[in-house]
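Below: one structure, written as C-alpha cells.
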Amino acid sequence: MAKMLLLFLLVALMEGSMVMSLPYDYSASVECLAEPPEPQYGGGIVRNAGFSAGLLGWSPFGYSSVAEATSVTTGNSYAVARNRTKPYQSVSQKVYLQNDTHYTLSAWLQVSGSFAVDVLAVVKTAHGFVHAGGVVAKPGCWSMLKGGLTSAKAGRAELYFESNATVDIMVDSVSLKPFTKAEWSSHRAESTSKLRRKTVRLQATDSSGTPLQGASMSVETVRSSFPVGAAMSREILSNAAYQSWFTSRFTVTTFENEMKWYSTEPSPGKEDYSVADAMLALAKQHGIGVRGHNVFWDDPKQQPRWVQALPYTDLLAASSRRIRSFVSRYAGEVIAWDVVNENLHFSFFERQFGWDASTAFYAAARLLDGAPGALMFMNEFNTLEQPGDMAAQPARYVQRLKQIISSYPENGAGMAIGLEGHFTNPVNIPYMRAALDTLSQVGLPVWLTEVDVAAGPQQAAHLEEVLREAYAHPAVQGVILWSAWHPQGCYVMCLTDNSFVNLPQGDVVDRLLAEWKTAAQVGVTDAQGYFQAELVHGEYKVTVTHPSLNASVEQSVMVEPGLGEHYFIQA
C-alpha cells in the first residue's frame, strides 16, 4: 500500500510539472467554421469540454432548457440552450477558481435564427459577475470566443453565456485553463526573447576580407526598433524642462488635442495649424515620429460646435475641406493617421452620410497621403480593456475593419489596428492577451495608441503589466502612453510631477525603456574575427579598433527579424 501511495504521489508530481511547463496557446480564429476544433488545453479545468459524454458536468443556467445535440454530418456532440426568454439563460458549469491565478477562456458558439448575435461569457463568483469575453456568434457555423479573467480569491464559481437576443445558443469545445502568475510571466519572457531579440555574430575583416583576430569591438544602441512614445501637449513648446524630459525618452508621439478638428478650425473657414506645426517641428528636430490624431472623431460631442448643427450639404463641404486641408498639410510628415476615431461606439458621420462614410474617409486619406509606410488606423477604446463592452469586442472590431476594406479594397493597403487602452483597476491581463490573439488573426499592424491606467495604489504596477504584455505579444508593433503633461494635471495618468521628477508610473516607463534597450557591449574578436552578442532589434553603431588599422572603423548595423545572424564589419 505504501508503494502504491508513493507511486501515486510521483505521478501527481510529474503531472504538476508537466502543467507548469505547458506553453501558452496564442491561437485564435476570426473565421466561422463548419465544425469547431478540439478545446484548447484539452478543456483545462472544464469537465467534458467537448460534450463527448453528453451533458455530463453541465447544467442549465437561469431555468433554461438545455439539451444535447449532434451534427448530422460529423456526429459531433454539443449543447444547445433552447426556448430562451432571458438573455442569461444558457448552459453552465460549476468550477473552482484558485487564488491569484490567471485563466484563459475559449469556447465555440453558434446561434439559431437568421442573424448574428452578441454572446458574452460570464463567470459568476461569490463576489459578483465577471465578464470574460465575447464574440459575434452566427447561425449555421461556429465562432470562437477567446477571453480570460484573473481570480483574486479562491472559491466556487459558475461559467455561463448570455446574449443580446433570446435565440438558441449552441456551445462546444469550452476551455478554462489556469496559469499561475509566475507561469504567465514566464510565457511573456519567452515570447519577448523570441520576438524582440536576436543573437548575432559580428565579423571584423580588413579591406582584403581577412578576419581581424583580437580586434576590440564595441556595440552601441542608436535606436530600438520597437516604438515607445507618449502623448504631447502644447505646453511642451514653452517649457524647456518638459522638452528635455520628453525628448530624451520617446521615439514616437501623438498630439493630445492640437491636431483635432475643434483645435485647428474653431470657427468655419478659420483654420489655424500654428501650434500643431510648431509641435511637429519640435518632434522632427529630435527624430520623434508623429501620429496624425485625428482626422475625424465619430463622437457627436467632439465635433467643433459650429459643425454639430450643419445641414447635409454644408457638413459635406466642411468635411471635405477638413480632410483635404489636414491630410494634405501633413502628408509625408506623419507616420500614421487616426482617420475615423472611435468608429465602433459612435456614428456621427454615418448618420449624416450613410453607413459607408468611414470607407470614403479612409479612401480619401490614402489618396491624399500615399507616403510609403503611412498607416491608416481605426482607433478604438475598450477592445482590450473591457470584455463586457460588446460594441467594441474584438469580433466587432474585425467586422467593422473588414467592412471598411471590402467596400473599397484599396483601403487594405496600410490599414492598422489602433487600440486605445484606457484601463481601469484591476486590469484584466488574460483578456488583454486573448483580445490581441484574436485581432492578430487579421494580419495587420497592431498599436496600443493611448495607454493609461486609472489612479489607485496599484496604478504603476498595473501599468507595468500592460506594457510588458503589449511588448511580449507577437501582434503589437508600438505603444503610445496617454500621459500628456499639463500644470493642472494629466487626463488620467501622469508620469512626472510639475518639476518633471518621475512619479512611480514614470519610473516604470524608464525601467522598461532601459530593459528593452541593449546596454553598450564591448569585446574582443576570436580567431575568425567574430564577436557574438545578444541584441534587441534596432539600429547599432559598431566600432572596431585593431593594431593593423590606422584608425577606428565605425559602421551602422540594423538587427531585425529575418535579416540573418551574421554581420560583416569591413575596415
Side-chain angles (χ1 to χ4, degrees), residues 220-224 226-260 263 274-293 334-336 420-425 427 447-468 470-471 478-520 536 538:
E220 299 177 68
T221 301
V222 175
R223 178 178 290 238
S224 297
F226 188 86
V228 178
M232 180 191 290
S233 68
R234 66 189 298 161
E235 280 86 351
I236 200 168
L237 296 175
S238 56
N239 191 313
Y242 187 7
Q243 290 180 22
S244 176
W245 182 89
F246 192 98
T247 60
S248 64
R249 286 164 171 78
F250 301 121
T251 58
V252 286
T253 189
T254 301
F255 301 165
E256 186 180 39
N257 296 308
E258 290 77 10
M259 283 184 168
K260 292 172 182 173
S263 296
S274 58
V275 175
D277 286 350
M279 292 172 69
L280 180 64
L282 175 66
K284 289 180 69 176
Q285 178 186 345
H286 293 277
I288 297 172
V290 175
R291 299 179 69 258
H293 176 77
V334 300
I335 62 172
E420 293 182 13
H422 297 295
F423 292 90
T424 55
N425 284 312
V427 175
W447 281 55
L448 275 63
T449 57
E450 302 181 15
V451 174
D452 56 32
V453 176
Q458 295 297 308
Q459 185 180 39
H462 289 153
L463 175 63
E464 181 168 352
E465 283 286 295
V466 168
L467 294 179
R468 287 191 180 280
Y471 188 71
V479 173
I480 304 282
L481 297 154
W482 206 245
S483 55
W485 177 83
H486 301 279
Q488 69 273 22
C490 307
Y491 173 67
V492 167
M493 181 185 76
C494 282
L495 300 181
T496 74
D497 62 18
N498 282 358
S499 298
F500 296 94
V501 174
N502 275 358
L503 297 170
Q505 298 79 249
D507 286 339
V508 163
V509 172
D510 280 357
R511 184 167 64 252
L512 293 180
L513 287 175
E515 182 182 322
W516 298 342
K517 176 181 177 181
T518 304
V536 173

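We count residues from 1, following the sequence as given.
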Taking every non-hydrogen atom, the tightest pair across [X] and [Y]:
X      : Y      : result
Val453 : Gln459 : O-NE2, 2.7 Å
Gln243 : Leu237 : NE2-O, 3.5 Å
Met232 : Tyr242 : CA-OH, 3.8 Å
Val479 : Val252 : O-CG2, 4.3 Å

Using 0.5 Å steps for rounding, measure from the [atom1] atom of [X] to the [atom2] atom of [Y].
X      : Y      : atom1 : atom2 : result
Asn502 : Trp245 : CG    : CH2   : 6.0 Å
Cys494 : Leu503 : SG    : CG    : 6.5 Å
Phe423 : Leu448 : CZ    : CG    : 6.0 Å

Subject >> Sidechain N-carboxylate O distance under 4.0 Å for Arg468, Glu464 >> reply: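 The answer is yes: the pair qualifies as a salt bridge.
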Subject >> ring-ring contact (aromatic ring centres under 6.0 Å, His included) evaluation trace for Tyr491 with Trp485 >> reply: CA-CA 8 Å; Tyr491 173 67; Trp485 177 83; over 10 Å; no
Original post:
Can you tell me if CZ on Phe500 sees more than 12 non-hydrogen neighbours from other groups inside 6.0 Å?
Top reply: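 Yes - once you tally the heavy atoms of other residues, nucleotides and ligands closer than 6.0 Å, there are more than 12.
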Subject >> Arg249 atom CZ, neighbour heavy-atom count above 12 within 6.0 Å >> reply: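 Counting other residues, nucleotides and ligands, CZ of Arg249 exceeds 12 neighbours.
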Tell me if a side-chain donor or acceptor on [X] pairs with a main-chain N or O of [Y] at a distance below 3.5 Å.
X      : Y      : answer
Thr253 : Ala230 : yes
Glu256 : Ser233 : no
Ser248 : Ser244 : yes
Asn498 : Pro487 : yes
Asp452 : Met493 : no

Original post:
Which class fits the ring pair Trp482 and His293: parallel under 30°, tilted 30 to 60°, perpendicular over 60°?
Top reply: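 Plane angle over 60°, so perpendicular.
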**OP:** Would you sort out whether Thr518 and Glu220 count as a side-chain contact (heavy atoms from CB on, under 4.5 Å), showing the intermediate values?
**Re:** CA-CA 8 Å; Thr518 304; Glu220 299 177 68; over 6 Å; no
**OP:** Side-chain contact test, heavy atoms from C-beta onward, threshold under 4.5 Å: evaluate it for Ile480 versus Val228 and give yes or no.
**Re:**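 Answer no - side chains too far apart.
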